[in-house]
Amino acid sequence: MVKKISLALGSGSAKGWAHIGIIKALKELGYKIEAVSGTSAGAIIAAYEAFGILNEFEDFVLNLDKRRVLRYYDVNLLPVKGLISGNRLLELFAENLKNKKIEDAAIPLYICASSLESGKCVTFEKGSVIEGVRASISIPGLFTPAEIKGMYFVDGGITNPVPVGILSHKGHRKIMAVDLNSPLHVPYFEESPNVMSTINRSITIMSHHLTSYQMKNSDAWKILKPDLREFGLFEFYKGKELIEAGYKYTMKCLS
């Protein structure tokens with residue numbers, strides 16, 4: 001029996017690769033995804049799923065290594081707007097989404113970003129997939145804000161880390177949410193934190209508390225919370241482990 005659901009994929013930077021394993025498990029368990037929303041890394045996976053090319057992206061993720069990822073960190077020598085431009089990293093992760101329009105996806109696709117001018121969550125449901133994803137993954141301070149039609153956007157996780165409300169507002173039901181920000185894991189520093197570790201830890205703490213509050217007041221039918229404490233936000237080269245963690249958790253949770 002096919003079980004129809006709508007899927008809200010949460011933020012989590014590199015932890016977002018776990019979404020791939022979760023979706024794989026859901027399909028094996030007989031779930032059919034009829035609409036998908038995504039924030040930050042969740043937006044990347046949501047886009048690939050909505051266009052039916054997630055399997056190809058999984059192959060790409062499994063072949064990432066640390067050296068290749070680091071090569072795409074286009075560091076700004078004078079970081080006026082952000083430590084990293086973010087364009088080359090987007091090029092790496094979203095190669096197969098070029099020239100695609102959100103409204104042309106096989107299922108409804110909603111991408112969440114945060115407006116620096118209004119302070120609110122902005123939902124991209126038409127227009128360039130690349131632009132929407134670039135806006136959604138723009139971690140403040142780390143990536144240069146995305147500029148679209150004269151407006152500036154940063155990571156969707158700042159306002160809407162698990163975009164359940166977007167799906168609910170659009171009339172979608174049986175919403176399954178994926179929270180990658182719980183439980184909170186903040187061990188003591190062995191040495192004074194640098195810029196990257198400070199950004200990493202700050203985002204982890206903020207995302208956990210905002211997500212926890214949001215989920216308590218959401219319309220989610222089910223909430224999946226894989227324990228990904230052992231993984232860092234920028235460990236994009238651990239695709240195999242993250243996909244496997246998401247898959248095993250979902251099979252155990254829903255079987």
Side-chain angles (χ1 to χ4, degrees), residues 7-29 31 33 36-49 54 57-58 60-66 69 89 93 112 133 136-137 139 142 155-158 160-164 175-189 193 196-216 218 220 222-255:
L7 193 60
L9 302 179
S11 62
S13 290
K15 295 180 183 181
W17 295 165
H19 288 311
I20 299 172
I22 289 169
I23 291 173
K24 183 184 293 187
L26 288 173
K27 290 180 178 179
E28 287 186 16
L29 292 169
Y31 289 92
I33 301 167
V36 61
S37 62
T39 289
S40 197
I44 298 174
I45 306 304
Y48 277 106
E49 172 59 22
L54 187 57
F57 187 64
E58 179 183 0
F60 163 80
V61 169
L62 290 172
N63 285 294
L64 280 177
D65 57 37
K66 185 184 290 189
V69 172
L89 205 59
F93 294 153
C112 172
V133 169
S136 188
I137 67 171
I139 300 172
L142 184 60
D155 199 299
I158 301 301
N160 200 353
V162 186
V164 172
I175 302 168
M176 190 175 289
V178 183
D179 169 15
L180 304 181
N181 297 310
S182 299
L184 181 63
H185 179 55
V186 284
Y188 287 106
F189 287 113
M196 289 297 289
S197 59
T198 298
I199 291 174
N200 186 341
R201 182 66 62 88
S202 299
I203 292 171
T204 297
I205 294 169
M206 179 197 69
S207 298
H208 168 75
H209 290 293
L210 182 55
T211 301
S212 297
Y213 175 79
Q214 186 186 45
M215 289 298 94
K216 288 177 183 176
S218 79
K222 284 186 184 296
I223 302 174
L224 301 180
K225 295 183 177 184
D227 188 343
L228 304 175
R229 282 178 290 181
E230 65 182 280
F231 300 102
L233 291 179
F234 305 117
E235 294 180 330
F236 294 104
Y237 49 88
K238 291 190 175 181
K240 181 180 179 181
E241 296 89 339
L242 282 158
I243 292 170
E244 189 173 273
Y247 177 84
K248 286 183 176 179
Y249 166 83
T250 306
M251 293 300 287
K252 182 179 180 180
C253 181
L254 300 179
S255 292

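Position 1 is the first residue of the sequence; numbering continues from there. From a predicted model like this one, the values you see are computed outputs, not experimental measurements.
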Undergrad: Let me confirm one number: the CD1-OG distance from I139 to S202, rounded to the nearest 0.5 Å.
TA: 11.5 Å
Undergrad: Can you name the closest pair of heavy atoms from I45 and G16 and give their distance?
TA: CG1-O, 3.7 Å
Undergrad: Hey, what do you get for NZ (K240) to CG (L62), rounding to the nearest 0.5 Å?
TA: 8.5 Å
Undergrad: Side-chain polar contacts of residues 222-234 - donor-acceptor pairs under 3.5 angstrom, sequence neighbours left out - could you list them?
TA:
unit_1, atom_1, unit_2, atom_2, d
D227, OD1, R229, N, 3.2
D227, OD1, R229, NE, 3.0
D227, OD2, R229, NE, 3.1
D227, OD2, R229, NH2, 2.6

Undergrad: Within a strict 4.5 Å, meaning less than it, do heavy atoms of the V162 and S218 side chains meet?
TA: no
Undergrad: Quick test of your reading: applying salt bridge (charged side-chain N to carboxylate O under 4.0 Å, His left out), list the pairs with at least one residue in residues 199-212, sequence neighbours left out, ordered by first then second residue.
TA: none
Undergrad: How far does CG of L180 sit from OG1 of T211, to the nearest 0.5 angstrom?
TA: 8.5 Å
Undergrad: Quick check: closest heavy atoms across A41 and I137, and the distance to 0.1 Å?
TA: N-CG2, 4.4 Å
Undergrad: At what distance, to the nearest 0.5 angstrom, does NE2 of H209 lie from CG of L184?
TA: 5.5 Å
Undergrad: Rounded to the nearest 0.5 Å, what separates atom OH in Y237 from atom CG in L64?
TA: 11.5 Å
Undergrad: Applying salt bridge (charged side-chain N to carboxylate O under 4.0 Å, His left out) as the test, list every pair that has at least one member in residues 205-214; sequence neighbours left out.
TA: none
Undergrad: Only distances under 3.5 Å count here; give the side-chain donor-acceptor pairs of residues 19-27 to other protein atoms, sequence neighbours excluded, each with its distance to 0.1 Å.
TA:
unit_1, atom_1, unit_2, atom_2, d
H19, NE2, G10, O, 2.9
K24, NZ, E58, OE1, 3.4
K24, NZ, E58, OE2, 2.6
K27, NZ, E49, OE1, 3.0
K27, NZ, E49, OE2, 3.0

Undergrad: Which atom pair, heavy atoms only, marks the closest approach of T250 to G246?
TA: OG1-O, 2.8 Å
Undergrad: Would you say the side-chain atoms of H208 pair up with the backbone N or O of N181, donor to acceptor, closer than 3.5 Å?
TA: yes
Undergrad: Specify the closest pair of heavy atoms between L210 and P161, including all atoms of both residues, with the distance to one decimal.
TA: CD2-CD, 3.6 Å
Undergrad: Do D155 and S40 have a side chain donor and acceptor closer than 3.5 Å?
TA: yes
Undergrad: Minimum heavy-atom separation for A14 to L242, with atom names?
TA: O-CD1, 3.3 Å
Undergrad: For a 4.5 angstrom cut-off between non-hydrogen side-chain atoms, does F57 reach W17?
TA: yes
Undergrad: Indicate yes or no: at least one non-hydrogen side-chain atom of L254 is less than 4.5 angstrom from one of Y31.
TA: yes
Undergrad: Could you tell me which residues satisfy salt bridge (Lys or Arg N to Asp or Glu O under 4.0 Å) with K248, sequence neighbours excluded, listed by chain and number?
TA: E244
Undergrad: Could you tell me which non-hydrogen atom of T39 sits nearest to which non-hydrogen atom of G157, and how far apart they are?
TA: CG2-N, 3.1 Å
Undergrad: For the residue pair C112 and S37, establish whether any side-chain heavy-atom pair is separated by less than 4.5 Å.
TA: no
Undergrad: Of all residues at least two apart in sequence or in a different chain, which pass the salt bridge (Lys or Arg N to Asp or Glu O under 4.0 Å) check with K238?
TA: E235
